[in-house]
**Student:** 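Have a look at the structure that comes next, please.
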Amino acid sequence: MPDAVWVDTKESWLRRGRSVVRGQSGIRVVTGERRTERVAGSVQGHGVGTLWDVSQTEGRPVLLPSVDAGSGVTPRSLLAALLGVAGELGYGVREQDLAPEVGGSATDTRRRRIVLDADLDLPSTTAALAHELAHLRMHKLSAGEVCQGLNELEAESVAFTVLTRFGCPMDGSSSGRLFGAAARVGRSPSPRLVQTLGGRVASTAGRLIKAAEQHLPRSGSRREVQVWEYRTSLGVNLDDPGPRM
């Protein structure tokens, strides 16, 4: 449900004086084991729960909670951190023109190189790099293999989680790819599918977040200068946050 703005359990909505409208389909999510539905079980320290958006409820009027502004990490500094993670894995990163069907990024495992589309703006470049790093940690894609199906959904979900954790949400085009990939599993995926994919995504995103935190640059650091040179050499304005949603 890409337009969800405030989700919670049935019990929590009832405590607020609201109830879920009859016939509404809940949103399957990965949760901590303490909030896991018994029918779903748990995997990799996570389980599956069901939540409903405020738009799926009725009853007492409520005010939307304030939105956390995030960690204060900019797309520029997050890109610098992810470049560091790629380097640790032994991969270089370069930009070049890519065909539209490639999807904005690709990884050449033979040359140990991640290629990002030169037409991407800064937020999209950061999301694309996170996507490719997720592939490297989760999948064994053969040379020339196109990212699609559940592999695409997992990599996009990891990228979304990482960027959101650092307060750098995906732009419209990147989030559109995520919603498109999610559509392949349908509106009501089985608990087992959510459990398996969700556990893998949560585990991989957690490791990638931890790795990125080790590379977050301080203002004026050498890595910050490196990413500045990396982007400005291609004529990209690093201070431009890209299009607003």
**Student:** Closest approach of Ala81 and Ala212, non-hydrogen atoms and distance?
**Tutor:**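 Closest pair (atom of Ala81, atom of Ala212, distance): CB-O, 3.4 Å.
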**Student:** Would you say the side-chain atoms of Arg16 and Ser12 include a donor-acceptor pair closer than 3.5 Å?
**Tutor:** no
**Student:** Do Val158 and Leu89 sit in the same hydrophobic cluster, where Ile, Leu, Val, Met, Phe, Trp and Tyr count as joined when their side-chain heavy atoms come under 4.5 Å apart?
**Tutor:**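 Linked within one cluster.
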**Student:** Any donor-acceptor pair under 3.5 Å linking the side chain of Thr164 with the backbone of Thr161?
**Tutor:**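 No, because the side chain of Thr164 does not come within donor-acceptor range (under 3.5 Å) of the backbone of Thr161.
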**Student:** Please tell me if the side chains of Leu120 and Glu95 come closer than 4.5 Å, counting only heavy atoms from C-beta onward.
**Tutor:**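 Result no, sub-4.5 Å side-chain heavy-atom pair not found.
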**Student:** Which distance, rounded to the nearest 0.5 Å, do you find between the CG of Leu78 and the OG1 of Thr126?
**Tutor:** 5.5 Å
**Student:** Just do the side-chain contact (heavy atoms from CB on, under 4.5 Å) check on Glu88 and Gln214 with the steps written out, would you?
**Tutor:** CA-CA 11 Å; Glu88 282 187 340; Gln214 304 303 311; 5.6 Å; no
**Student:** Of all heavy-atom pairs between Thr74 and Cys168, which one has the smallest distance, and what is that distance?
**Tutor:** C-SG, 3.6 Å
**Student:** Following the transitive rule for hydrophobic clusters with a side-chain heavy-atom cut-off under 4.5 Å over Ile, Leu, Val, Met, Phe, Trp and Tyr, establish whether Ile27 and Val21 coincide in one cluster.
**Tutor:** no
**Student:** Can you tell me how far apart CG (Leu116) and CG (Leu98) are? Round to the nearest 0.5 Å.
**Tutor:** 8.0 Å
**Student:** Work out which heavy atom in Gln24 is nearest to a heavy atom in Trp52; give both atom names and the distance.
**Tutor:** O-NE1, 3.6 Å
**Student:** Side chain of Asp53, backbone of Trp6: donor and acceptor closer than 3.5 Å?
**Tutor:** yes
**Student:** Grab the two heavy atoms, one from Tyr91 and one from Thr107, that are nearest each other, plus how far apart they are.
**Tutor:**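 Taking Tyr91 first and Thr107 second, the nearest heavy atoms are CE2-CG2, 3.7 Å.
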**Student:** Check whether any side-chain heavy atom of Glu132 lies under 4.5 Å from a side-chain heavy atom of Val93, and answer yes or no.
**Tutor:** no
**Student:** To the nearest 0.5 Å, what is the distance between CG on Leu79 and NE2 on His215?
**Tutor:**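 Between atom CG of Leu79 and atom NE2 of His215 there are 13.0 Å.
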**Student:** Please round to the nearest 0.5 Å and tell me the distance separating atom NE2 of His135 and atom CD of Glu152.
**Tutor:** 7.5 Å
**Student:** If you look at every heavy atom in Leu216 and Ser77, which pair is closest and at what distance?
**Tutor:**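 Minimum heavy-atom separation between Leu216 and Ser77: CD2-O, 4.0 Å.
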**Student:** Start with the C-alpha gap between Val115 and Arg94, add the side-chain angles, then the distance that decides, and say whether side-chain contact (heavy atoms from CB on, under 4.5 Å) holds.
**Tutor:** CA-CA 5 Å; Val115 182; Arg94 62 174 296 179; 4.2 Å; yes
**Student:** Looking at Val85 and Arg137, what are the two nearest heavy atoms and their distance?
**Tutor:** CG1-NH2, 4.2 Å
**Student:** Taking side chain as C-beta onward, heavy atoms only, is Thr9 less than 4.5 Å from Leu51?
**Tutor:** yes
**Student:** Take Arg207 and Thr204 through the test side-chain contact (heavy atoms from CB on, under 4.5 Å) and record every step on the way to the result.
**Tutor:** CA-CA 5 Å; Arg207 294 198 303 271; Thr204 302; 3.7 Å; yes
**Student:** How about Leu153 and Glu156: do any of their side-chain heavy atoms sit closer than 4.5 Å?
**Tutor:**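 The answer is no, as the side chains (C-beta and beyond) never meet within the 4.5 Å cut-off.
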**Student:** I need the Arg18 CZ to Gln56 CD distance, nearest 0.5 Å.
**Tutor:** 11.5 Å
**Student:** Is the closest side-chain heavy-atom distance between Ile114 and Leu136 below 4.5 Å?
**Tutor:** yes
